[in-house]
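These notes are about the structure you will find just below.
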Amino acid sequence: MQKAKLEQNQHAKPISASVNAVLTGFVGGLFWSALGLLAYYFHFTEIRPNMILEPWALGAWKTKWLGTVISLIVIGLFGIGAALLYYIALRKFRTIWIGIGYGAILFALVFFVLNPLFPSLNPLHDLNYNTIITTLCLYILFGVFVGYSISYEYNEQNFRKHHEDKDNESLKTV
Amino acid sequence: MDRQKTMLPIPDNVAEIEDYMKRRIGLGDSFDLGVRKIKILKKDVHLYYTNGLCDTSFIMRILMEIVHINDNEKYSSQLEKIVENRTIHQSVEIVETMDEVVDQVLSGLIAIIVDGETEALIVDTRSYPGRQPEEPDTEKVVRGSRDGFVENIIINTALTRRRIRDERLRFEMNKVGERSKTDIAIAYVKDIADEDLLDIIRKEIKSINVDGLTMADKAVEEFIVKQGYNPYPVVRYTERADVAATHLLEGHILIYVDTSPSVIITPTTYFHHVQHAEEYRQSAAVGTFIRWTRFFGILASIFLLPLWMLFVLQPDLLPDKISYIGPNDKSSVPVLVQIFLADLGIEFLRIAAIHTPTPLSTAMGLIAAVLIGQIAVDVGLFIPEVILYVSIASVGTFATPSYELSAANKIARTFLLIIVAIFKVPGMVIGTTIFILFLAQMRSLNTPYLWPLLPFNFRAFMQILVRRSTPGSKIRPSIVHPRNRYKQPT
């Protein structure tokens, strides 16, 4: 009992590729929307992460700091969705360009298709240059973050499996 | 194999050998090559050596013992065997070609050749000029071992072996360089290191084809990683034996190059360059604190100046609460030019400080502080803010543990500054995006450069953010593809 409590006796389990995708999506959403908040703070963009809460009728708190924290987390949850989608459809591609493209597609999805959901979000041609560029860059970086990570992890696990087989075989022959 | 055939066997006549040595390595022309001829039981015995690379006291002991053969033995038919037996040294090797004799003599070993034999005894009496292990200037710690690597590969491998007595630790020796014949050792722990990476490194080192490696590890690095004009360092160097041993145990492969006090650690990512041994000599909490402070310094060294430049150009970007930031005084010199001038000044200082002798550098520091600091403001060349922000960015540069990384970050900062000055907000945003994507797509020896941030690996990234205590860090980083994942066998 005593022994199990020691830090060094706890065993770390390997993370599976799909769990890794979920983690990556969440952290990616959180991290890049936090950067988006910083960009909003310095007037790089007119869009605040809190925009994500607009479709829901909530209290006045949703524009305050609590709303900001919750929107970052909500964006993180949406990030999980985006990551799982990538994991299902695109994980086999290794190049970084697929991630860049994926980010751009997500941007188009939010700003063209889902635009009506957000009353305060102007149509694209009414946004200023800085906003469009900043937001697009954030989406691209998110796309690369999610895409590159998932593809890399997928290839890594394949590689590891392949290697373990090889190691086992070489042991058998000895 | 082909070279083996063309090697010249040792002639069975010492006069012929001496003749050959005169022609081949300039015996008699070069003052540092010598031959000692003695007669043992009426046979000629020659001893070839290179002055300065071998220890005279050992050679005298060996000679004394060999000369005593005259008093104790009668028959000269087995002379070479007797000489070998009487050579009181643990490291005696028999070679059969002149090429090996020449190589070994020029490395500082001595060759003993008995007339009439086609073999030579090579005795390792090397003693190279060099210094004792001392604390490396670039990686100082408050606590911890103070023995750093030196210019002698044998001492360096010994310092490592002192820390890892594992029977699976390997040092593979290679000789590289057509003329310099530099020793390069590949170090790894056999059941941990990734075989694929090992093969790549072996192959790359074998294929180095150059006359000499006078710049030692740096030249080797350029042959192995082929980074071209990319400023970012794709391997890490260390001069600390404990850092080297830690990386070996983590599954990294190290390259030791003779005549250099630093070893190459492969594979390396960006985040290897932002860690320092000091963090691991303090408690986990303090280590984490130091690390975070350092991260802020490194971020400041890249982004602070471009960001401030942007606010100078577009003060309306600032939130109301911090709208006081920005130049209060006006200067007739554009701010961008001021930043570049101040940066250039600091660069002068840094470059000058490297090769200025210590007594002069104090004076230089004084002059520079007064010159760049006060007077430049007084005459209206700089506004005070420029000095402030350039100084913070420079201190951030100095806080970067890896010198190579800090230099590369400086180039990135300059790139961002220029692009911000031209394009303002879009320049800052797109410039940063390109910067991050550029780092992310880099690969050194098949390792993504921004791992574990991008590609993201949660567990490894937490190891970067938080310095784990030693019992708590149980897994070797997956980036090295360790063949055995667990550091702490249970």
Side-chain angles (χ1 to χ4, degrees), chain A residues 3 6-12 14-15 19-28 31 35 39-45 83 95-97 99-100 103 128-138 140-141 144-157 159-160 163-164 166-167 170, chain B residues 191 194-196 307 310-311 314-319 321-322 423-434 436-438 440-443 446-448 450-462 468-475 478-479 481-490:
Chain A
K3 218 181 160 196
L6 282 176
E7 201 178 6
Q8 60 173 322
N9 292 328
Q10 297 162 11
H11 238 264
I15 297 179
V19 174
N20 186 67
V22 170
L23 266 175
T24 307
F26 184 71
V27 174
F31 181 70
L35 263 190
Y40 171 79
Y41 187 68
F42 286 121
H43 300 115
F44 282 22
T45 164
T95 153
I96 199 163
W97 293 102
I100 294 176
N128 68 28
Y129 254 138
N130 289 352
T131 303
I132 298 173
I133 289 173
T134 307
T135 322
L136 180 61
C137 281
L138 282 172
I140 286 177
L141 286 172
V144 170
F145 184 83
V146 165
Y148 195 44
S149 307
I150 291 174
S151 300
Y152 176 77
E153 191 60 31
Y154 175 75
N155 282 311
E156 248 338 67
Q157 301 211 340
F159 170 85
R160 225 172 287 154
H163 242 233
E164 271 161 21
K166 226 168 68 180
D167 270 8
S170 65
Chain B
D191 63 336
D194 177 20
E195 287 286 338
D196 294 347
L307 207 58
L310 186 62
F311 296 147
Q314 285 189 297
D316 55 312
L317 288 176
L318 283 168
K321 279 179 194 159
I322 53 168
F423 299 109
K424 308 212 168 60
V425 172
M428 180 78 195
V429 173
I430 296 177
T432 310
T433 307
I434 291 174
I436 296 175
L437 290 181
F438 167 74
Q441 58 81 34
M442 268 176 69
R443 272 168 170 268
N446 276 333
T447 309
L450 276 188
W451 187 93
L453 176 65
L454 213 178
F456 186 68
N457 181 315
F458 181 74
R459 197 174 277 145
F461 190 64
M462 287 315 284
R468 299 289 298 272
S469 65
T470 311
S473 82
K474 289 183 286 273
I475 298 190
S478 62
I479 199 70
H481 300 135
R483 302 177 73 195
N484 175 352
R485 290 180 62 227
Y486 294 99
K487 280 188 199 169
Q488 296 169 12
T490 43

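All chains are named by letter (A, B, ...) in the order of the sequence lines, taking the proteins before the strands, and each is independently numbered beginning at 1.
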Residue part contacting chain B, namely of [X], when any heavy atom lies under 4.5 Å:
X        : result
A:Leu136 : neither
A:Tyr129 : neither
A:Val27  : side chain
A:Ile96  : side chain

[X] side, atom [atom1]; [Y] side, atom [atom2] - distance, nearest 0.5 Å:
X        : Y        : atom1 : atom2 : value
A:Ile140 : B:Ile436 : CD1   : CD1   : 12.0 Å
A:Tyr41  : B:Lys321 : OH    : NZ    : 5.5 Å
B:Gln441 : A:Ile100 : CD    : CD1   : 9.5 Å
A:Ile150 : B:Phe456 : CD1   : CZ    : 11.5 Å

| request: Please tell me if the side chains of B:Leu310 and A:Phe44 come closer than 4.5 Å, counting only heavy atoms from C-beta onward. | output: yes

[X] versus chain A, the contacting section by heavy-atom distance below 4.5 Å:
X        : value
B:Asp316 : backbone
B:Ser478 : both
B:Leu453 : both
B:Phe311 : side chain
B:Leu437 : both

| task | Select, from B:Leu317, B:Leu318, B:Thr433, the one with the greatest count of heavy-atom pairs under 4.5 Å involving chain A. | result | B:Leu317

| query | Looking only at heavy atoms, what is the nearest atom pair of B:Phe458 and A:Asn20, with distance? | reply | N-OD1, 4.5 Å

| Test log, rule side-chain contact (heavy atoms from CB on, under 4.5 Å), inputs A:Leu23 and B:Phe461 | CA-CA 12 Å; A:Leu23 266 175; B:Phe461 190 64; over 6 Å; no

| query | Does CG belonging to B:Asp191 count more than 12 external heavy atoms closer than 6.0 Å? | reply | yes

| message | Please evaluate residues A:Val144 and B:Leu454 with respect to the criterion side-chain contact (heavy atoms from CB on, under 4.5 Å), reporting the C-alpha separation (whole Å), side-chain torsions for both, the decisive distance (0.1 Å), and the verdict. | response | CA-CA 8 Å; A:Val144 170; B:Leu454 213 178; 3.9 Å; yes

| task | Give the C-alpha distance, both sets of side-chain angles, the deciding distance and a yes or no for side-chain contact (heavy atoms from CB on, under 4.5 Å) between B:Phe423 and A:Ile133. | result | CA-CA 12 Å; B:Phe423 299 109; A:Ile133 289 173; over 6 Å; no

